[in-house]
Amino acid sequence: MGDSSPTQGEIKREVDKLLHGRSARKHRAKLQILPLIALIFYEVSGGPFGVEDSVKAGGPLLALLGFLIFPFIWSIPEALVTAELATAFPDNGGYVLWISAAFGPLWGFQEGWWKWISGVTDNALYPVLFLDYLKRALPVFGDGVFRLIALLVITFSLTYLNYRGLTIVGITAVVLTIFSLLPFCVLAILAVPKIRVQRWLVMDVSKTNWRMYLNTLFWNLNYWDSVSTLAGEVDNPSKTFPKALLWAVVLVIVAYVVPLAAGTGALELDRDKWEDGYFADIGMAIGGIGLKWWIEAAAALSNMGLFEAEMSSDSFQLLGMAETGMLPKVFAVRSKYGTPVLGIICSASGVLLLSWMSFQEIVEFLNFLYCFGMLLEFAAFVWLRMKNPGLVRPFQIPVGTLGMILMLLPATALLMVVMCLASWKTVIFSITVSVLGFLAYPALEYAKAKKWMEFLDADKPKVPDDEDDHDDDDNINSASYPHHDAGEVDARLLPA
């Protein structure tokens, strides 16, 4: 048999490719803290647009209490888990890497499948919400062919902006955050003389629509983990992620509570009017036509920011899965702007396919799938704390494992309640989607074994042993590819 060892020329080519790849990753423009805060804000919130249904479902008191208490039960624990695991695995793919490290690639793939479907479904809302606000000023976009054309134009335009690069998306998110929140600052100031405290205390439990109420709260306060799929694009993630998540939590709570307090406190309650777009009418009643138009413009542009942030996370998640060998190599191909081409195309196609669903149907469906994924994330977090205490965690929640379990119990109970309140239509649809995911993984593994499609030969995500070496600069755990110092060569490239 002939010697199968690589020649010196082949070794040189492989080394050049390796070092070029590291150089490209190192010199690609990275997200700084301010754009990251804005992206997290748009992953989760984007402003008070969409919270109106909480008043319709439960009245002013439940709505205000929900957005004050719910973050401590749900948002803060999820943000803390995200900060710890995103800094431990700072590569594109985020939660897919965490789950794979804890439970293996099958469950990592399933997590990615649930979260991607949930994210794309969530993104299908934003062009619809954009047009719902626009039709108040231009009724021609209420339905029919003009609405369809507008939907296509909006989706393709925002998709192209996403294609042009994550740095542009981050800067756009900062500008949109400022523009979207300014009219509510004005609204709050103008509302102060008209506020009557007793209006905040209205509650009628017998008329509360608990399914709508909890789904509205949950949808408006989740997706803190989505930004983890961009971890490989963040500058100094071990320090940037925790700070950005902290400031984003504060910003989201204020962005919800202040407008709700102004609107419910300054005007007589008519619960039937509290639906998508009602803040524009509140602006009209408190500040006149100018404030109404400003809020409508802010709502429209806010939905653009939500779309951009969600598509970035969804597409980079697919890129991260391709880098770990879970998806075909073509998903790892980047444009000249550094963005994942096929991931963006798939995400945009999913948005168009799901945009026919109603607002509440979309929210309930994506929440149900999201609950599946979050239960798995919490389990992986606890498992890694217990089984791999030596995992390098640049940011670690300053409580022990038992304390973390106790902190996650209310959030876990909430996930179960949201799932139990889902309609049978949502349950059947979600189970069908889940089964497709469990079938897709072995099918892709079979295609890889048969070499029907090309996959990257990357290491499966794993947790390093306590004695493993780590990158001193970034405190990185080996997640999706081996890390080397600039002058080192992967031993697998050397001849025996």
Y256 and S45: side chain donor to acceptor below 3.5 Å: yes

side-chain contact (heavy atoms from CB on, under 4.5 Å) partners of L439, counting only residues at least two apart: V435

Geometric cation-pi criterion, K329 with F455: 6.0 Å, 45°: no

Contacts of type side chain to side chain donor-acceptor pair (under 3.5 Å), residue Y370, not counting sequence neighbours: E78, D225

Listed partners of T177 passing side chain to side chain donor-acceptor pair (under 3.5 Å), at least two apart: none

Counterpart residues, side-chain contact (heavy atoms from CB on, under 4.5 Å), relative to S423 (two or more places apart): R211, E364, K425, T426

ring-ring contact (aromatic ring centres under 6.0 Å, His included) involving W452 - partner list, sequence neighbours excluded: Y446

Set of side-chain contact (heavy atoms from CB on, under 4.5 Å) partners for Q110, sequence neighbours left out: W107, W113, W114, S434, F438

F316: ring-ring contact (aromatic ring centres under 6.0 Å, His included) partners, not counting sequence neighbours: none

Any residue meeting salt bridge (Lys or Arg N to Asp or Glu O under 4.0 Å) with K243, in chain and number order, not counting sequence neighbours: none

By side-chain contact (heavy atoms from CB on, under 4.5 Å) - contacts of P71 (at least two apart): S75, L221, I253

Candidates D276, L217, N220, N215 - the one meeting side chain to side chain contact (heavy atoms under 4.5 Å, CB included) with D53: D276

Which donor-acceptor pairs under 3.5 Å do the side chains of residues 374-381 make with protein atoms, sequence neighbours left out?
from, atom 1, to, atom 2, distance (Å)
E377, OE2, K115, NZ, 2.4

Pairing residues for F331 by the ring-ring contact (aromatic ring centres under 6.0 Å, His included) criterion, not counting sequence neighbours: none

All ring-ring contact (aromatic ring centres under 6.0 Å, His included) counterparts of F395, not counting sequence neighbours: none

Exam field: side chain T339 to backbone R164, donor-acceptor pair closer than 3.5 Å: no

Side-chain H-bond candidate by donor/acceptor type, S312 with N162, under 3.5 Å: yes

